[in-house]
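Have a look at the structure below before the remarks.
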Amino acid sequence: MGSSCKDDREEVIQAWYMDDSDEDQRLPHHREPKEFVSLEQLAELGVLSWRLDADNYETDEKLKKIREERGYSYMDFCEVCPEKLPNYEEKIKNFFEEHLHTDEEIRYCVAGSGYFDVRDRNDAWIRVLVKKGGMIVLPAGIYHRFTLDTDNYIKAMRLFIGDPIWTPFNRPHDHLPARKEYVENFVHKEAANHAVNTAAA
Ligand SMILES: CSCCC(=O)/C(O)=C/O
Ligand SMILES: [Fe+2]
C-alpha cells in the first residue's frame, strides 16, 4: 500500500502502546507522547484485521469469502453490557485477566466498540481499539485481554473453526503447545526478521 493511500481499516481499528497507570481500564491509556502501532506491526504479531460492512453482515460477500478461506464454520454473537450479558461483573473481570486460547480468537464488531489488548514481543501491552466494522483475529497462543471502553457496549460476532472452545488459560501457561508455537513463529522468527531488516536499512 502506497504512503498516500490511507488504509481504510484504520477508521475502525487503531492500536497504540499503553501507559502503566492503574486508572480505569476503560480509559484509552495512551503513553505521553502517544505511540501508535500500525496494522502491519500487528500483523507481525499474528494479529490480522479487516474492515467489513457491519450494516449488511448477513449478505456481505467479503465476510463470506474470509469465512470460506479460513474455515470459520461457527458463528454467534456476544453482546457485552450489564443488561444483556449474564454474570456481567464476573465476565468483565475474567475478560480482563491476561490469558491465551489454544485456538484463534476471532471477533467482528457489528456495534459499539471495545479494547483488545495484546502483548508485543517484549511483553509490552498494545491496546487495539475495535469499532463497528472492525474484525480481528488474535492468533492461538498470544497473551491478551479484553475490556469495554467508556461507552460500555459492544456487540461482536464470534467465529470459530468447527465446534467452539472458549477456554481461557490465564497467564502463565507457557508450557502449552499453542503458546510454544506462537513464541516460535511470532516472537523468535519475527525478532530475527526484524534484526535482518534493521541491519539492511
Ligand atoms: C467482545 S467478545 C468478549 C471478549 C472475549 O470473548 C474474549 O475471549 C476476550 O479475550
Ligand atoms: Fe480471549
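Numbering of residues begins at 1 and proceeds along the displayed sequence. Just so you know, ligand 1 is whichever comes first in the structure, and atom 1 is the first atom listed for that ligand.
Protein N/O/S atoms found under 2.8 Å from the Fe ion (ligand 2), listed by chain and residue number: H99 NE2, H101 NE2, E105 OE1, H144 NE2.
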For ligand 1, output the ligand-protein N/O contacts shorter than 3.5 angstrom; if there are none, return none.
residue: ligand 1; atom: 6 (O); partner: R107; partner atom: NE; Å: 3.3
residue: ligand 1; atom: 6 (O); partner: R107; partner atom: NH2; Å: 2.8
residue: ligand 1; atom: 8 (O); partner: E105; partner atom: OE1; Å: 2.9
residue: ligand 1; atom: 8 (O); partner: R107; partner atom: NH2; Å: 3.4
residue: ligand 1; atom: 10 (O); partner: H99; partner atom: NE2; Å: 2.9
residue: ligand 1; atom: 10 (O); partner: E105; partner atom: OE1; Å: 3.0
residue: ligand 1; atom: 10 (O); partner: E105; partner atom: OE2; Å: 3.1
residue: ligand 1; atom: 10 (O); partner: H144; partner atom: NE2; Å: 3.1

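Listed for the H29 side chain is a donor-acceptor partner under 3.5 Å among the backbone atoms of D24.
Counting heavy atoms from C-beta on, the side chains of L138 and V128 never come closer than 4.5 Å. Looking at K64 and D60, their side chains never come closer than 4.5 Å, going by heavy atoms from C-beta outward. By the 4.5 Å heavy-atom criterion applied to side chains, L148 and F146 are counted as neighbours. In this structure, the side chains of T167 and T102 stay at 4.5 Å or more apart for every pair of heavy atoms.
For R9 and D7, the salt-bridge test passes: some basic side-chain N is under 4.0 Å from an acidic carboxylate O.
Note on residues 109-120: pairs passing side chain to side chain donor-acceptor pair (under 3.5 Å), not counting sequence neighbours, are Y17-D120, E98-R119, S113-D149, D117-R127, D117-R145.
Other residues, nucleotides and ligands contribute only 12 or fewer heavy atoms inside 6.0 Å of the CG atom of D163.
Applying the side-chain hydrogen bond (donor to acceptor under 3.5 Å, both in side chains) criterion to R179, with sequence neighbours excluded, gives no partner residue.
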